[in-house]
Every structure is written in structure tokens, then in C-alpha cells.
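Below is one structure, written out as C-alpha cells; comments come after it.
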Amino acid sequence: MSNGNRDDLASNYQGVWGGRVGFGRHPALLVVDFLQAYTRPGAALYAPGVVEAMNHAPRLLESARHCGIPVIHTNIRYRGQNQLDGGIWVKKAPVMRAMVEGNPDAEFCPQVAPATDELVITKQYASAFFGTSLASTLTALGVDTLIVMGCSTSGCIRATAVDGLQHGFRVMVVREAVGDRHSEPHEANLFDIDSKYGDVIGIDEAIAQLK
């Protein structure tokens, strides 16, 4: 998306969309699907934008751990020979069938691997909320603000941001710590999330809020 197009969009949306929701009192960090399939050169899901996001992600993760806020990770796993629990999604996107136990591409990236005391929520679809206990877990922890990093921006990040809003959470997507296969869907979805579903913030702002 060119700067000119971005400026036109911002002008068109001004006063209609694009309000700020801001941080609440009790944040949690959600690390969405930082799996090796997105960062290993040659993998079908390899996304340069995710590799770039990975360069920033450990800094945010370390800050969250240092501040003692809840950290929750998600991964994708299908079970059974035909991945029946993937439903229509694995028919629409057969590349997702790689997300099975024993496939190295389905494992976490070492730079942001969960600590032993951090929760891992397994999902079968794009949103971290759909068909999982995430909303109940966050509510039980008293969380009102969800800081989101991971991949991909146009898929699981967007779906999670939409559902986060719909479950009553303030959603903060950290620009430098999310990535996609291509810059145009990445930028378009960040614009859309920031306009309608949450706040897209810089990593420095996220860390400052945690502190």
C-alpha cells in the first residue's frame, strides 16, 4: 500500500473509524503461532515478514516476562490421518495439513518458545478464540487488555483481533512484532484492525505500557 493510498484512506476514515481504545489495567501478551513453518526458508508457509517480526518479538516477550504479566502462546495442531479437525480450512488451504505432531515446521520458533510455566493453547482455525478456552482463561485471570504478536497479520492476527474485541477485550496489535507473506495484505490488515477492532501500536509504546 503506497503512502498516497494510505493518506487517502486515513482521510476517508477520519471521524468515522479509527478511534482509540487504549490500555486497560490488566494486560496479557498473546503470542500467536510463531511456528517454524513461517520462518524456515523453503517451507511452503515461509513468510519474510514473519522473519522480520521475529527480530523484534523476543524483546517484547522478555519485557512481558520481566513485568510478570500473563504470557499465552498458541499453536496449530491437527490430529488423525486426514486432519478431520481442520474441517473446511484444510480443504481451502491444504498447506495447513503440515501442522501435525512430529513435523518440525509445526514446532515453536526457538527465539520465542514458551517457558515451562506459560500456557499453550492449541487451535485448529485462524482465531485464537474460536473453539478454545482463551476467553475463559483471560477472564479468570482478570485480563482486560490483550497485547498481540505473531503471524500472520492477514490471517490469525486479524481473526484474533476481531474475536478479541467481540469477547470484550482491548486488543493491542504490536506493529513490529507481527508479519505476513506480503507487505500489501500486511499493511491493509493493520489499517483495518486499527480502524475497527483494536489499536495498532509500536513496540516501544507496548513496552512502556507494561512498565
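Position 1 is the first residue of the sequence, and the numbers go up from there.
Grouping the Ile, Leu, Val, Met, Phe, Trp and Tyr side chains by contacts below 4.5 angstrom, directly or via other members, places Val148 with Leu134. Residues Met96 and Ile157 do not share a hydrophobic cluster, defined by chaining ILVMFWY side chains whose heavy atoms lie under 4.5 Å apart. The hydrophobic clustering, which links ILVMFWY residues whose side-chain heavy atoms are closer than 4.5 Å, places Tyr197 and Val200 apart. Cluster annotation: Tyr38 and Met54 are assigned to the same hydrophobic cluster (Ile/Leu/Val/Met/Phe/Trp/Tyr, side-chain heavy-atom contacts under 4.5 Å, transitive). When the side chains of ILVMFWY residues are joined at heavy-atom separations under 4.5 Å, either directly or via intervening members, Phe130 and Tyr78 end up in a single hydrophobic cluster.
Within the 4.5 Å cutoff, the side chain of Ile147 has heavy atoms near those of the Phe23 side chain. The closest side-chain heavy-atom distance from Ile203 to Arg59 is below 4.5 Å. In this structure, the side chains of Thr145 and Val143 stay at 4.5 Å or more apart for every pair of heavy atoms. Within the 4.5 Å cutoff, the side chain of Asn75 has no heavy atoms near those of the Met99 side chain. Counting only heavy atoms from C-beta outward, the side chains of Arg79 and Val100 never approach each other to under 4.5 Å. Looking at heavy atoms from C-beta onward, Asp192 lies out of side-chain contact with Leu190 at the 4.5 angstrom threshold. Looking only at side-chain heavy atoms (C-beta outward), Leu210 and Pro27 come within less than 4.5 Å of each other. Annotation: side chain of Met172 is in contact with side chain of Val21 (closest heavy-atom distance under 4.5 Å).
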Inset, instruction - Decide yes or no on salt bridge (Lys or Arg N to Asp or Glu O under 4.0 Å) for Asp105 and Arg40, but give the supporting numbers first. - result: CA-CA 8 Å; Asp105 283 349; Arg40 182 180 66 80; 2.8 Å; yes
Legend entry - Chi angles and distances behind the side-chain contact (heavy atoms from CB on, under 4.5 Å) call for Ile207, Leu60: CA-CA 7 Å; Ile207 290 173; Leu60 180 57; 3.9 Å; yes
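Between Tyr125 and Trp89, the ring planes are parallel. Angles under 30° get that label, and only those over 60° would be called perpendicular. Taking the six-membered ring for Trp and thresholds of 30 and 60 degrees, Phe129 and Phe169 have nearly parallel ring planes, at less than 30 degrees apart.
At a threshold of 4.0 Å, the pair Asp33-Lys123 counts as salt-bridged, since one of the basic side-chain nitrogens sits closer than that to a carboxylate oxygen. Ion pairing of Glu107 with Arg77 is present here, as a side-chain N (NZ or NE/NH1/NH2) and a carboxylate O approach within less than 4.0 Å. Taking a cutoff of 4.0 Å between a charged side-chain nitrogen and a carboxylate oxygen, Arg65 and Glu118 qualify as a salt bridge. Ion pairing of Asp180 with Arg158 is absent here, as no side-chain N (NZ or NE/NH1/NH2) approaches a carboxylate O to less than 4.0 Å. A salt bridge does not link Glu205 with Arg175: none of the charged nitrogens is closer than 4.0 Å to a carboxylate oxygen.
Taking a 6.0 Å sphere around CZ of Arg20, one finds it holds more than 12 heavy atoms contributed by other residues, nucleotides or ligands.
Side-chain N/O atoms of Ser154 and Asn189 include no donor and acceptor closer than 3.5 Å. Asn55 and Glu52 form no side-chain donor-acceptor contact under 3.5 Å, judged by distance and modelled atom types alone.
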